[in-house]
Amino acid sequence: MTEEKYANLSSLLPDTPYTFEVFATASANVGATVTLNQTFPSGSESTPPALLLSSDTGISEVDVDSGRRRSIVNVTDKGNEILFVQYGVYDETVCWVEQMPKGTQTIFCKSEGTMRTILSLALGVNGLSYDWLARKVYFSWSTVESQTAIKRISRCVVDRDRDCQYLLASTDLMKSFGLVLVNPLQRYFYWIENREVNSSLKFEAISSLSLSRAKRSCASNFDLGPGLAFDATQKKIVVSDKQSGNLYSCSSTLCNCDVLMNATLLLRTSGKQTQNEIGLPPTSVVVDEQHIYWTRKPQSTVFYVSRDRPDSLSTYESNGFTSLSSVSADAQQLTPVVRRCLSPRVSPTPRSVAKTNVSITRGWNALTVPL
């Protein structure tokens, strides 16, 4: 029994049948049991990494080993620029920002072949993140109301038209909201606050986000850069140091960080002269169970190292693709049980009914079951 909305099952054997049973409980009853029989094929560890890369024509899935590409999304109009692409590892939903030549930016999401317009904004979106458990998209943006510049962070429900709410707002001229990040498994939300002299990474439990609540942060001894990612394998937050170029793996509360990739060591072993030649400090970072990937604008090269050999650099020339968006190598999709039911909710009435919802995503040698 667990109050978490996921479960990690490790040490699974290939070609071995498993049966998984999941049920929900509430004060009034026990929900129906969902049973899933699954055998994990051998050879999954040899599956080549696939990245989502964006260009001026759209978004493609790219196999970095063979160079094969598969188009995922085409731009709605020629001349538009695609920004902040996010990928949902459980539901294969892709969300992105499309910037029009006149400055308008529109947030789109595509799921099961259907594309939805989430919201159109007159001014800039500064960051976007997709919560693939709750199917909500979070974004930071700026607007002007009554001649006052307002910086906001909002979220929208992907499956409903214009079902959005404000989470944070500021009229401080010296502060702006930058990149945002959702930790779907531990239900935390993170955002970068930029000031003239420094940037800070703050966070709050998703259930506690409000316009009035004080936000939490943790002091760090590095200069926060634009690279920001969620490591679903380790349940860690990956951040970058824009001075040293190092990548750090931090706990969900940000107060315990370890060096994930040492830029000085990588520069020495690569034989390059400058950090720029190895894409550091990065402008985008993604990680999977085996690799760490990053890019640095305006270069079109994808740089990556393996987790067990972080001093051995590999590259992929993306040839026209300008930004690393997301990674689909960390979890090979299995067909989920189609049960889009509500999770248990405690209502003001004496009875609350439990319903069960389960889908499965397989990593290289582990299983994650969102409940």
Side-chain angles (χ1 to χ4, degrees), residues 6 8-12 14 40-54 59-70 72 84-95 129-133 181-186 227-240 247-250 252 258-261 266 279 282-296 301-316 318 321 323-334 359-370:
Y6 64 92
N8 290 324
L9 306 176
S10 59
S11 303
L12 301 178
F40 302 97
S42 60
S44 62
E45 293 191 14
S46 63
T47 303
L51 303 177
L52 295 186
L53 299 176
S54 61
I59 304 168
S60 294
E61 183 182 69
V62 178
D63 179 335
V64 299
D65 287 347
S66 67
R68 289 193 299 269
R69 299 176 180 177
R70 180 172 68 94
I72 303 295
F84 305 118
V85 183
Q86 296 288 300
Y87 176 70
V89 296
Y90 288 109
D91 54 10
E92 294 185 327
T93 295
V94 181
C95 295
S129 187
Y130 176 56
D131 181 349
W132 28 261
L133 281 183
L181 179 69
V182 176
N183 176 343
L185 298 181
Q186 294 162 305
L228 183 64
F230 174 57
D231 182 353
T233 303
Q234 303 294 329
K235 302 180 192 174
K236 296 290 186 71
I237 307 303
V238 177
V239 298
S240 64
L247 295 180
Y248 293 87
S249 178
C250 301
S252 59
D258 298 314
V259 176
L260 182 64
M261 192 275 294
L266 187 62
T283 54
S284 61
V285 178
V286 294
V287 294
D288 66 16
E289 189 164 310
Q290 291 188 324
H291 298 89
I292 306 161
Y293 309 84
W294 67 92
T295 59
R296 176 178 170 84
T301 302
V302 177
F303 302 87
Y304 61 101
V305 296
S306 63
R307 285 181 179 268
D308 57 355
R309 287 291 308 278
D311 60 341
S312 180
L313 181 68
S314 299
T315 61
Y316 169 73
S318 56
F321 289 86
S323 64
L324 175 66
S325 304
S326 189
V327 61
S328 57
D330 59 338
Q332 301 300 311
Q333 285 291 326
L334 303 179
S359 61
I360 281 186
T361 297
R362 173 173 52 81
W364 297 115
N365 62 352
L367 180 74
T368 300
V369 182

Apply the test side chain to side chain contact (heavy atoms under 4.5 Å, CB included) to residues Asp288 and Tyr293: give CA-CA distance (whole Å), side-chain angles for both, the deciding distance (0.1 Å), then the verdict. CA-CA 9 Å; Asp288 66 16; Tyr293 309 84; 3.2 Å; yes

In the structure I gave you, are the side-chain heavy atoms of [X] and [Y] within less than 4.5 Å of one another anywhere?
X	Y	value
Tyr316	Val62	yes
Phe230	Val238	no
Leu133	Leu185	yes
Lys235	Ser252	no
Val94	Tyr130	no
Val287	Arg307	yes
Phe303	Pro282	no
Asp311	Val305	no

Closest non-hydrogen atom pair, Asp131 against Pro184: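 That closest heavy-atom pairing would be OD1-CB, 3.6 Å.
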
Heavy-atom pair of closest approach, residues Val239 and Cys250: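 The pair with the smallest heavy-atom distance is CG2-SG, 3.9 Å.
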
Quick one about Gln186 and Asn183 (side-chain donor to acceptor, distance below 3.5 Å, no hydrogens or angles considered), yes or no?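 A pair is found: one side chain offers a donor N or O, the other an acceptor, under 3.5 Å apart.
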
Separation between [atom1] of [X] and [atom2] of [Y], rounded to the nearest 0.5 Å:
X	Y	atom1	atom2	result
Leu266	Leu247	CG	CG	9.5 Å
Leu51	Tyr304	CG	OH	8.5 Å
Leu313	Ile292	CG	CD1	11.0 Å
Arg70	Leu52	CZ	CG	8.5 Å

With sequence neighbours left out, write down each residue that passes side-chain contact (heavy atoms from CB on, under 4.5 Å) with Ser249, or none if nothing qualifies.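 side-chain contact (heavy atoms from CB on, under 4.5 Å) check on Ser249 returns Lys236, Leu260.
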
Taking side-chain contact (heavy atoms from CB on, under 4.5 Å) as the test, write out the residues that go with Ser306, two or more places apart.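 Ser306 satisfies side-chain contact (heavy atoms from CB on, under 4.5 Å) with His291, Asp308, Arg309 once adjacent residues are dropped.
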
Apply side chain to side chain contact (heavy atoms under 4.5 Å, CB included) to the pair Leu228 and Ile237, showing each step before the final yes or no. CA-CA 7 Å; Leu228 183 64; Ile237 307 303; 4.0 Å; yes

Start with the C-alpha distance between Tyr248 and Met261, add both sets of side-chain angles, then the distance that settles side chain to side chain contact (heavy atoms under 4.5 Å, CB included), and finish with yes or no. CA-CA 7 Å; Tyr248 293 87; Met261 192 275 294; over 6 Å; no

Non-neighbouring partners of Thr93 that pass side-chain hydrogen bond (donor to acceptor under 3.5 Å, both in side chains), sequence neighbours left out: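 If we apply the side-chain hydrogen bond (donor to acceptor under 3.5 Å, both in side chains) test to Thr93, skipping adjacent residues, the hits are Asp91, Ser111, Arg135.
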
